[in-house]
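To start, the structure itself, in structure tokens.
Worth saying up front: this structure is predicted, and the values here are computed from it rather than measured. Below, chain A is the first sequence line, B the second, and so on; all start at residue 1.
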Amino acid sequence: MERYDPSAIEPKWRAWWEERGLHHPDLHDTARKCYALVMFSYPSGDRLHIGHWYSYVPADAWARMRRMQGLNVFEPVGFDAFGLPAENYAIKHNAHPADFTERNMAYMRTQLRDMGAMYDWAREVVTCHPGYYKWTQWLFLQLFHAGLAYRREAPVNWCPRDETVLANEQVTPQGTCERCGTPVTRRDLTQWFFRITEYADRLLEGLDRIDWPEKTKTLQRNWIGRSEGAEIRFAVEGRPELEIEVFTTRADTLFGATYLVLAPEHPLVDRITAPDHAGAVEAYRERARRMTEIERTSTVKEKTGEFTGAHAVHPLTGERLPIWVADYVLVSYGTGAIMGVPAHDQRDLDFATRFGLRVREVIEPAREDDDGRAPRTPSRSAGEDDDRAGDAHALVAEGVLVNSGRYDGMRSADAAREITRELERRGAGRPAVKTKLRDWLISRQRYWGAPIPIVHCPACGPVAVPEGELPVLLPYDVDFSLGEGGTSPLGRSESFRRARCPRCGGEGERDLDTMDTFVDSAWYFLRYLSPHDDARAWDPALVDAWCPVDMYVGGIDHATMHLLYARFTIKALHDLGHVGFDEPFRSLRHQGTITRGGAKMSKRWGNVVAPEEYIPLYGTDALRLYLLFGFTFEQGGDWEDSGLHGASRFLNRVWRVYTRNAGLWPGATAPSEQRPDAREPRAGAGPRKPGSSVGGRGPAGPDGVGKSAAERSAARRELDRARHHAILHATQDLERFSFNTALSRMMELVNAVHRFEGDPGDAQEGAFAADSEDGALLRSVLEDLVRLLAPVAPHLAEELWHRAGREESILEAGWPEHDPRILATDEVTVVVQVDGRVRDQMRIPRDLPEHEVRRRAIDHGRIPALLDGREVAQVVVVPNRLVNVVTSGAREKIG
RNA sequence: GCCGAAGUGGCGGAACUGGUAGACGCGCACGACUCAAAAUCGUGUACCCGAGAGGGUGUGUGGGUUCGACUCCCACCUUCGGCACCA
């Protein structure tokens with residue numbers, strides 16, 4: 001029998017698909033559109049390994065099933081080609097990032113083609129090509145004109161020796177420069193931001209409307225970090241013109257505030273600090289300024305700070321509260337100032353303990369016994385907690401107020417509301433909402449990115465480059481190496497730097513930074529639909545017809561970056577009238593990680609699984625099958641060569657069952673013989689005559705292998721049932737990305753076919769005549785099987801489909817449908833238990849009335865004997881599944 | 001520290017809204033074919049007792065709810081991931 005040889009089959013069908021243009025959907029046919037997207041690759045130097053396949057193959061399998069279900073599937077591909085790794089590589093190897101990137105993409109394209117996915121290569125997008133980044137710049141300008149892009153000072157990591165900006169990745173965990181070991185400092189540069197914070201509430205709200213993993217939504221919610229609370233204003237003693245505004249989520253603890261803290265960068269620090277404290281405070285601020293983010297957060301344990309010498313006035317009690325400066329308060333969150341409530345905040349307690357500040361308890365734990373009404377008197381005895389070892393703990397939980405004047409006895413939530421209301425009446429506070437989310441800093445002091453299309457004019461300020469002058473081309477010939485002073489490599493190109501102001505025509509300077517690559521990837525899925533359009537960023541009609549993306553597949557590592565930025569970008573574009581939808585990705589799925597030897601694959605560990613090593617041995621289809629069957633999609637797992645073996649073995653089984661039954665398709669010839677350009681057929685693959693068996697060994701009688709007519713008929717019923725069972729479950733499972741169980745259903749079907757064929761000695765070489773009842777059934781079951789398998793092993797499926805005499809691609813063959821009538825068998829097996837123990841099974845008509853099931857169960861088999869005269873206390877009936885007879889003695893027995 | 005996910009045979013992993021735990025596959029054992037091996041096909045395979053029929057125990061640990069719990073509730077242990085002074 002002809003051997004299964006993937007290396008002969010797979011390239012042939014890929015070429016055929018390409019030739020027939022099967023993977024280029026008509027984008028104007030939008031009635032049954034399906035946009036299947038994967039996170040595009042990053043050509044940074046690492047070739048695609050099996051980890052990439054693990055994301056792309058399942059996505060493609062899903063898309064293929066959708067296609068066969070009759071949807072018009074668009075499955076594009078492209079490259080996220082700008083970015084730091086390419087630039088670093090180029091610096092290290094004295095190459096150019098553009099050349100390096102092109103080389104990598106060329107290699108990765110062949111890798112991606114080997115995968116046999118339905119990629120529409122005609123619509124490839126590459127973010128580093130001027131035809132693309134022109135429109136990234138256009139996008140920037142839309143946000144700029146709408147006031148959603150703005151400039152302000154922000155710190156960067158600065159290496160004083162190399163005189164250059166460092167990305168976070170270039171700073172070691174010790175806070176030194178990765179290249180020269182010099183301690184990194186912070187430096188403030190004026191940089192561009194996108195106002196993502198303005199969309200915080202809408203980004204939260206939108207999560208409720210999309211089919212994303214809960215885990216991912218939670219990550220985004222936490223990242224946005226919305227808190228409701230109050231802003232409270234404190235007067236500064238002796239300085240009626242000054243006020244310090246703090247943010248708190250616990251206005252109920254206001255009476256417990258014993259001091260205030262300003263962040264070192266807070267603008268009021270200079271103005272309130274008493275002259276005799278100015279030196280110390282300034283020194284403290286200087287120290288904080290020099291510290292990198294990493295240092296500042298690595299000293300988590302010990303709190304530091306400095307007293308300003310000034311005092312604030314408590315808005316309700318009029319008490320004097322000392323004002324401190326400390327770096328445990330962040331300028332970037334809230335108002336950059338807090339009220340210190342040591343009794344009810346652990347950080348404040350640590351700080352107060354360190355500096356000997358007062359601690360005042362104002363919250364008692366609520367008691368359970370009174371329903372809604374708080375206890376009148378505090379009940380905790382003094383000194384109860386005095387002997388606690390180690391660090392003191394603050395009572396952070398909500399409770400009931402004490403030591404809070406007329407708010408005593410009130411519950412936290414009510415008190416917070418009442419106190420805020422009172423402050424508002426006095427003009428000293430108001431309810432407020434804060435988020436952890438910061439505006440999106442998009443300036444990069446890097447070469448390999450899209451230039452920011454702005455000219456800085458001494459007279460007019462930052463001015464947009466007119467749309468007609470886009471793209472602002474990234475100059476090729478630039479010294480982008482580190483060092484040599486200055487901030488951005490583009491500043492070293494005189495011709496790039498100099499520009500006329502678009503507004504006044506005067507001498508200006510281009511913005512020398514490039515954009516964060518997340519800007520490139522925030523909109524690429526819009527460009528896929530019209531990648532060659534020079535006149536506009538995208539075709540609004542196409543985009544509105546095809547978006548949002550129906551299924552997006554990629555790693556969860558982008559949960560709070562790419563996935564958030566893309567959502568923001570689309571919402572902004574929606575508000576500006578550029579797109580008609582405001583969520584980019586309707587459904588989202590994350591693949592797990594494939595490890596090897598328990599470790600994440602990386603070049604450094606030398607444990608990368610390279611697909612091209614395995615394809616010559618097992619074929620692409622086996623690799624696809626293993627990835628889909630060997631793991632749980634969202635979990636991933638450890639790579640095992642033996643698993644690939646097993647996958648290959650299954651494909652061989654399918655191959656053999658088909659080829660030995662080739663006689664079921666009279667007149668069909670192997671496709672290798674239909675096509676003159678195909679490879680030489682292997683020995684033994686000659687044309688078959690109708691009804692003849694290839695090996696001529698088995699009997700080819702109308703009723704198959706030596707069984708009675710009744711037995712054959714029962715066997716047919718069983719096979720048919722197995723078929724419809726497999727179709728139903730495999731389809732459901734593929735739809736919900738449960739590829740491993742979908743495949744197990746297909747394997748069960750192959751097993752059922754084997755059983756149907758009977759004694760392998762006889763069935764070996766096609767025992768069924770094409771015109772027999774058995775043969776007809778087997779033929780149609782095998783055709784359904786190969787269609788189910790098509791998303792997983794597309795090459796093999798295509799080959800077998802054509803061997804069955806089909807001219808069209810299996811993609812056009814339609815998806816098999818199950819017949820519910822065949823699955824709804826007239827009888828069901830019901831488990832019979834007595835007191836929770838399985839005692840018997842019985843076959844009964846489906847959907848028998850409950851009282852009848854009950855009666856039969858009690859009378860059934862050994863059950864009467866087991867009851868042994870005991871009274872039946874209860875009978876539980878689970879329709880079509882189980883009956884449990886509970887006797888009156890059961891409870892006592894257990895007790 | 002906070003948030004999230006997960007602990008099931010020798011292994012990868014199944015089990016829909018509580019209803020025969022271990023589907024499907026890998027591995028292993030035995031058998032068939034073979035001079036032999038590979039490949040292929042068949043049978044078995046959670047653990048313990050038993051020749052067998054059968055019985056008992058089992059989904060990280062300890063409790064609970066239920067006729068019935070991998071599934072729900074409480075407490076704890078372990079692993080992985082995210083955030084990390086966010087007031």
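- Nucleotides rG58(B) and rA51(B) place their P atoms 24 Å apart, quoted to the nearest Å.
- Of the two residues contacting RNA chain B, namely Gly637(A) and Ser744(A), the nearest-nucleotide position lying further toward the 5' end is that of Gly637(A).
- In textbook terms, a nucleotide whose glycosidic angle is within 90° of 0 is syn, and rG9(B) is one such case.
- A straight line from CZ of Arg649(A) to C1' of rA39(B) spans 9 Å, rounded to a whole angstrom.
- Distances shorter than 4.0 Å separate some side-chain N or O of Thr632(A) from OP1 or OP2 on rA14(B).
- Nucleic acid contact for Arg226(A): none, since no nucleic acid atom lies under 4.0 Å from a heavy atom of the residue.
- A distance of 11.5 Å separates CG in Asp621(A) from CZ in Phe650(A), rounded to the nearest 0.5 Å.
- Note that CG of Leu437(A) is 7.0 Å distant from CG of Leu203(A), once rounded to the nearest 0.5 Å.
- For Asn751(A), a side-chain nitrogen or oxygen approaches OP1 or OP2 of rG25(B) to under 4.0 Å.
- Under 4.0 angstrom from either OP1 or OP2 of rA14(B) there lies at least one side-chain N or O belonging to Asn740(A).
- rG18(B) and rG68(B): their P atoms are spaced 16 Å apart (whole Å).
- Protein atom CG of Asp350(A) is 14 Å distant from nucleotide atom P of rG1(B), rounded to whole Å.
- Between the C1' atom of rC80(B) and the CD atom of Glu634(A) lies a distance of 15 Å, rounded to the nearest Å.
- When the P atom is used for both rG60(B) and rA6(B), the distance is 13 Å, rounded to whole Å.
- rG19(B) sits 24 Å from rG25(B) when the P atoms are compared, rounded to a whole Å.
- Taking atom NE2 of residue His393(A) and atom C1' of nucleotide rC2(B), one finds them 15 Å apart after rounding to whole Å.
- A cation-pi arrangement, defined by a distance under 6.0 Å to the six-membered ring centre and an angle within 45 degrees of its axis, is absent between Lys303(A) and Phe351(A).
- Side-chain rings of Tyr54(A) and Phe631(A) approach one another, their centers coming within less than 6.0 Å.
- If you check the side chains of Tyr626(A) and His645(A), you find no donor sitting under 3.5 Å from an acceptor.
- Nucleotides rU61(B) and rU79(B) place their C1' atoms 15 Å apart, quoted to the nearest Å.
- Atom CG of Leu219(A) is separated from atom C1' of rC2(B) by 13 Å (rounded to the nearest Å).
- Of the listed nucleotides (rC83(B), rC67(B), rU40(B)), rC83(B) has the atom at the smallest distance from the side chain of Trp223(A).
- Straight-line distance from the CG atom of Leu749(A) to the C1' atom of rA23(B): 15 Å, rounded to whole Å.
- For the C1' atoms, the distance from rG9(B) to rG27(B) is 12 Å, rounded to whole Å.
- Of all nucleotides listed (rC83(B), rU40(B), rC3(B)), rU40(B) comes nearest to the side chain of Arg656(A).
- Counting only heavy atoms from C-beta on, Thr741(A) has its side chain closest to rA23(B) among rA23(B), rC85(B), rC3(B).
- Lys215(A) comes within 4.0 angstrom of sugar-phosphate atoms only, judged by non-hydrogen atoms across all strands, and of no base.
- With rounding to whole Å, Phe650(A) atom CZ is found 9 Å from rG25(B) atom P.
- Nucleotides rG42(B) and rA5(B) are separated by 43 Å at their P atoms, to the nearest Å.
- Under the 30°/60° scheme for interplanar angles, the aromatic rings of Tyr4(A) and Trp655(A) are found to be tilted.
- The C1' atoms of rG13(B) and rG22(B) are separated by 10 Å, rounded to the nearest whole Å.
- Between rG42(B), rC24(B), rA15(B), one nucleotide has an atom nearer to the side chain of Glu748(A) than all others, and that is rC24(B).
- Of the candidates rC67(B), rC85(B), rA87(B), rA87(B) carries the atom nearest the Ser227(A) side chain, counting heavy atoms from C-beta on.
- You'll find a donor-acceptor pair under 3.5 Å spanning the side chain of Lys303(A) and the base of rC85(B), going by distance alone.
- Within 4.0 Å of Gly636(A), counting heavy atoms only, lie sugar-phosphate atoms of the nucleic acid but no base atom.
- Across all strands, Gly643(A) comes closer than 4.0 Å to no nucleic acid atom at all (heavy-atom distances).
- Residues forming a side-chain contact (heavy atoms from CB on, under 4.5 Å) with His729(A) (at least two apart in sequence, or on another chain): His725(A), Gln732(A), Arg745(A).
- If you find the closest nucleotide of RNA chain B to Met747(A) and to Gly334(A), the one lying nearer the 5' end belongs to Met747(A).
- With rC41(B), rC26(B), rA87(B) as the candidates, the nucleotide lying closest to the side chain of Asp345(A) is rA87(B).
- Between the CG atom of Leu330(A) and the C1' atom of rC83(B) there is a distance of 14 Å, rounded to whole Å.
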